Amino acid sequence: MPGKITPTVLLTLVMFMITPASQADAVDTRQSLGLSDAEQIEFLAEMRQMLASIQGIVAGIGTEDRDAIAAAARLSGNRMARATPASVGAKLPQSFKEIGGPTHLLFEEIAIRAETDDMADPTILTGRTLEQCLACHARFRAD
Ligand code: HEC
C-alpha cells in the first residue's frame, strides 16, 4: 500500500536521523602556523594559561576581589608576550601578532582597571578580550 510505513522504511528513517554528518566533508579553512610538536606544546600551554586567566578574572569580578583579578590578568599580560619562545615568535605571521599583541595589552589594562574602577570596566574589557580569542581562533591553527 503506498505511503505505508513499513519496518524497513522506519529503519531507514531512524538510520538517517542518527547518522552524523560526514566528517570527510569538513574543510578546515584556518591558516596553519607550522609549529613543531615541541613548539605546539609551549604554545598551547600559554593558551591554557590565558583561559585560566579569564577564569580567575571572572571569578574575581564576581566576588569583587581586585587583587585576584589583577593577579590572574597579569599572568597573560606582557609577561607572557615576553616569554614566547623566539623560535615560535619567528614563525608567527604579522596578521597573528596584530591580534595577539593587543590581547596581552588588554590583560594588562584589566589588571590596572581592577585596582580602582567600577567592576563594570573589567567586565567590559574581559568581553573585548574574548573577542580577540574568537577572532584569532577563527583564523589560525597551531599545527
Ligand atoms: C593571536 C591568536 C590567538 C589568540 C589571541 C588567542 N588564541 Fe587561543 N589558540 C590559538 C591557536 C592558533 C590555537 C590552536 C588551535 C588549533 O590548532 O586547533 C589556540 C588554542 C587555544 C586553546 C586550546 C589549548 C590546548 O591545549 O589545546 C585554548 C584553551 C585557548 N586557545 C584559549 C584562548 C583564550 C582564552 C584566549 C583569549 C584570552 C585565546 N586563546 C587567544 C590562537 C590564539
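Every value quoted in this text rests on a predicted model; they were computed, and no experiment measured them. We number each residue from 1, following the sequence as shown. Counting convention: from 1, in listed order, for ligands and their atoms alike.
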Do Leu105 and Leu75 belong to the same hydrophobic cluster, where Ile, Leu, Val, Met, Phe, Trp and Tyr are linked whenever their side-chain heavy atoms lie under 4.5 Å apart, directly or via other members?
no

- Message: For a 4.5 angstrom cut-off between non-hydrogen side-chain atoms, does Ile69 reach Glu64?
- Response: no

Donor-acceptor under 3.5 Å (Ser76 side chain, Ala72 main chain): no

min-distance protein heavy atom vs atom 23 (C) of ligand 1 -> Leu44 CD2, 4.4 Å

Correct closest heavy-atom pair for Gly89 and Lys97 would be O-NZ, 3.2 Å

The answer for which part of His137 has a heavy atom under 4.0 Å from ligand 1 is side chain

Residue, atom and distance of the protein heavy atom nearest atom 2 (C) of ligand 1 read Cys136 SG, 1.7 Å

Non-hydrogen side-chain atoms of Phe140 and Arg30 separated by less than 4.5 Å: no

Residue, atom and distance of the protein heavy atom nearest atom 11 (C) of ligand 1 read Phe43 CE2, 3.5 Å

Residue, atom and distance of the protein heavy atom nearest atom 12 (C) of ligand 1 read Phe140 O, 3.6 Å

min-distance protein heavy atom vs atom 29 (C) of ligand 1 -> Leu51 CD2, 3.8 Å

Discussion item. Any salt bridge linking Lys91 with Glu39? Criterion: basic side-chain nitrogen under 4.0 Å from a carboxylate oxygen.
Written reply: yes

*If you measure from the Lys or Arg side-chain nitrogens to the Asp or Glu carboxylate oxygens, is any gap between Glu115 and Arg74 under 4.0 Å?*
yes

Of Ile54, Leu125, Thr126, the one forming a side-chain contact (heavy atoms from CB on, under 4.5 Å) with Phe107 is Ile54

For atom 8 (Fe) of ligand 1, decide whether Met50 has an N, O or S atom at a distance under 2.8 Å. no

For Gly100, the ligand 1 atoms with a heavy-atom partner under 4.0 Å come out as 1 (C)

So, 4.0 Å and heavy atoms of Arg30: is ligand 1 close enough to count as a contact? yes

Note: ligand 1 atoms sitting under 4.0 Å from heavy atoms of Phe107 are 38 (C)

Judged by heavy atoms only, the candidate from Glu46, Gln132, Arg48, Gln40 nearest atom 25 (C) of ligand 1 is Arg48

**Asked** Without hydrogens or angle criteria, can the side chains of Gln40 and Ser36 be said to hold a donor-acceptor pair below 3.5 Å?
**Response** no

Atom 37 (C) of ligand 1 has as its nearest protein heavy atom Cys133 SG, 1.9 Å

Atom 28 (C) of ligand 1 sits nearest the protein heavy atom Met47 CB, 3.7 Å

The protein heavy atom nearest to atom 5 (C) of ligand 1 is Thr103 OG1, 3.4 Å

